[in-house]
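A short worksheet on the structure shown next.
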Amino acid sequence: MTDTAETVADARERDEDAVSRFVERFASELTEAGMQRMASRVFAALLVSDTGSLTSAELAERLRISPAAVSGAIRYLSQVDMVVREREPGTRRDRYRLFDSVWYESFTRRDQVLIRFRNTLVEGVEALGPGTPAGSRVAETVEFFEFLHEEMQGMLDRWEVYKAKRGAGS
């Protein structure tokens with residue numbers, strides 16, 4: 001049996017109830033971490049689809065939610081760059097697809113946010129005065145964000161090396 005045939009056979013043998021429970025559990029974890037509830041459910045449903053891509057109607061059916069709920073969730077997920085909207089060729093329907101390296105991209109964007117926070121906080125230190133208690137507290141926050149930025153970049157670089165080694169060994 002070829003890899004593709006095995007993948008198709010594996011997909012047919014899935015316990016759809018178990019998949020649905022997983023989607024809801026993972027969505028709950030994402031919600032606890034701060035993501036909007038419906039966006040969490042839509043993201044999880046896209047994540048578990050073999051193509052990483054579904055239409056609004058497919059999402060509504062799988063999650064038993066309204067098209068309006070799908071639309072709101074997709075709007076949020078698009079704003080935070082976790083999904084992209086694509087037009088189905090030859091139709092008027094949109095498909096929503098996860099970015100290929102969604103977690104890598106998400107953490108890369110978080111790193112960019114850290115840089116923006118750091119830059120703004122530096123202005124705060126200058127405005128408050130570095131010798132004041134508030135200025136010292138903000139300066140320590142600057143150092144913390146600088147530390148996170150350096151660690152994040154190193155971690156993302158190590159991930160790329162890890163992926164390359166894993167791919168070479170496959």
Side-chain angles (χ1 to χ4, degrees), residues 3-4 6-8 10-65 69-88 93-121 141-170:
D3 284 344
T4 304
E6 287 175 6
T7 302
V8 170
D10 288 345
R12 279 193 302 252
E13 294 175 12
R14 280 191 189 126
D15 177 348
E16 290 304 322
D17 288 337
V19 171
S20 291
R21 285 190 303 275
F22 168 76
V23 165
E24 295 304 326
R25 176 142 191 259
F26 188 57
S28 178
E29 294 292 337
L30 292 170
T31 302
E32 283 289 319
M35 187 183 284
Q36 295 175 357
R37 182 175 180 273
M38 208 50 69
S40 297
R41 293 182 72 212
V42 167
F43 178 81
L46 286 167
L47 187 65
V48 303
S49 72
D50 285 325
T51 62
S53 169
L54 296 167
T55 65
S56 179
E58 290 167 335
L59 285 162
E61 181 182 333
R62 286 180 186 210
L63 297 171
R64 296 180 198 95
I65 59 176
V70 171
S71 179
I74 290 296
R75 186 172 29 265
Y76 171 83
L77 292 169
S78 295
Q79 288 172 346
V80 296
D81 294 322
M82 295 183 82
V83 300
V84 64
R85 180 185 317 241
E86 298 174 335
R87 180 71 63 179
E88 273 192 353
R93 288 192 314 185
D94 287 329
R95 293 192 75 73
Y96 306 105
R97 180 181 57 80
L98 295 176
F99 284 103
D100 290 333
S101 300
V102 67
W103 294 113
Y104 180 88
E105 293 299 324
S106 180
F107 277 88
T108 298
R109 280 185 295 286
R110 296 297 183 267
D111 189 48
Q112 293 165 357
V113 170
L114 290 176
I115 292 167
R116 288 198 326 260
F117 284 176
R118 181 238 172 247
N119 292 342
T120 302
L121 288 163
T141 305
V142 169
E143 289 179 41
F144 178 71
F145 283 126
E146 287 172 344
F147 175 81
L148 285 180
H149 170 67
E150 289 173 22
E151 291 298 311
M152 182 76 70
Q153 192 56 56
M155 187 173 51
L156 293 171
D157 292 344
R158 287 189 301 279
W159 169 249
E160 289 297 328
V161 169
Y162 173 83
K163 257 184 28 180
K165 285 180 182 176
R166 188 186 67 191
S170 301

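The basis for the numbers below is simple: all heavy atoms, side chains too, and nothing from hydrogens, waters or symmetry mates. Along the sequence shown, residues are numbered consecutively beginning with 1.
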Would the distance check show the side chain of Arg95 and the main-chain N or O of Ser53 forming a donor-acceptor pair, the cut-off being under 3.5 Å? yes
Looking only at heavy atoms, the pair that brings Val102 and Arg109 closest together is O-NH2, 4.5 Å
Interatomic spacing from NE2 in His149 to CD1 in Ile115 - rounded to 0.5 Å: 4.0 Å
What are the two closest non-hydrogen atoms of Leu46 and Tyr96, and how far apart are they? CD2-O, 3.2 Å
Those residues that, when tested against Tyr76, pass ring pair (Phe, Tyr, Trp, His ring centres under 6.0 Å) (two or more places apart): none
Minimal non-hydrogen separation, Val83 against Leu98, with atom names: CG1-CD2, 3.9 Å
Scanning both residues in full, the closest heavy-atom pair of Thr31 with Ser40 reads OG1-OG, 3.1 Å
Residues forming a ring pair (Phe, Tyr, Trp, His ring centres under 6.0 Å) with Phe107, sequence neighbours excluded: none
Please check if the side chain of Ser28 supplies one atom and the backbone of Glu24 the other of a donor-acceptor pair under 3.5 Å. no
Can you tell me if Arg41 uses its side chain to pair, donor with acceptor, with the backbone of Leu63 under 3.5 Å? yes
Shortest non-hydrogen contact from Ala60 to Val70? N-CG2, 3.8 Å
Euclidean distance, Arg62 CZ relative to Glu16 CD, rounded to 0.5 Å: 7.5 Å
Taking the side chain as everything from C-beta on, heavy atoms only, tell me whether Arg118 gets closer than 4.5 Å to Leu114. no
Nearest heavy-atom approach of Met82 to Met35 is SD-CE, 3.6 Å
Parallel, tilted or perpendicular: rings of Phe43 and Phe26 (30°, 60°): tilted
Return the CZ to CG distance between Arg110 and Leu156, rounded to the nearest 0.5 Å. 12.5 Å
In this structure, CG of Leu30 is separated from CD of Gln36 (nearest 0.5 Å) by 12.0 Å
Roughly how far, to the nearest 0.5 Å, is the CD atom of Glu143 from the CG atom of Leu121? 11.5 Å
In Å and rounded to the nearest 0.5 Å, what is the CG to CZ distance from Asp94 to Arg87? 4.5 Å
Using a 4.5 Å cut-off on heavy atoms from C-beta on, say whether the side chain of Phe145 contacts that of Leu148. yes
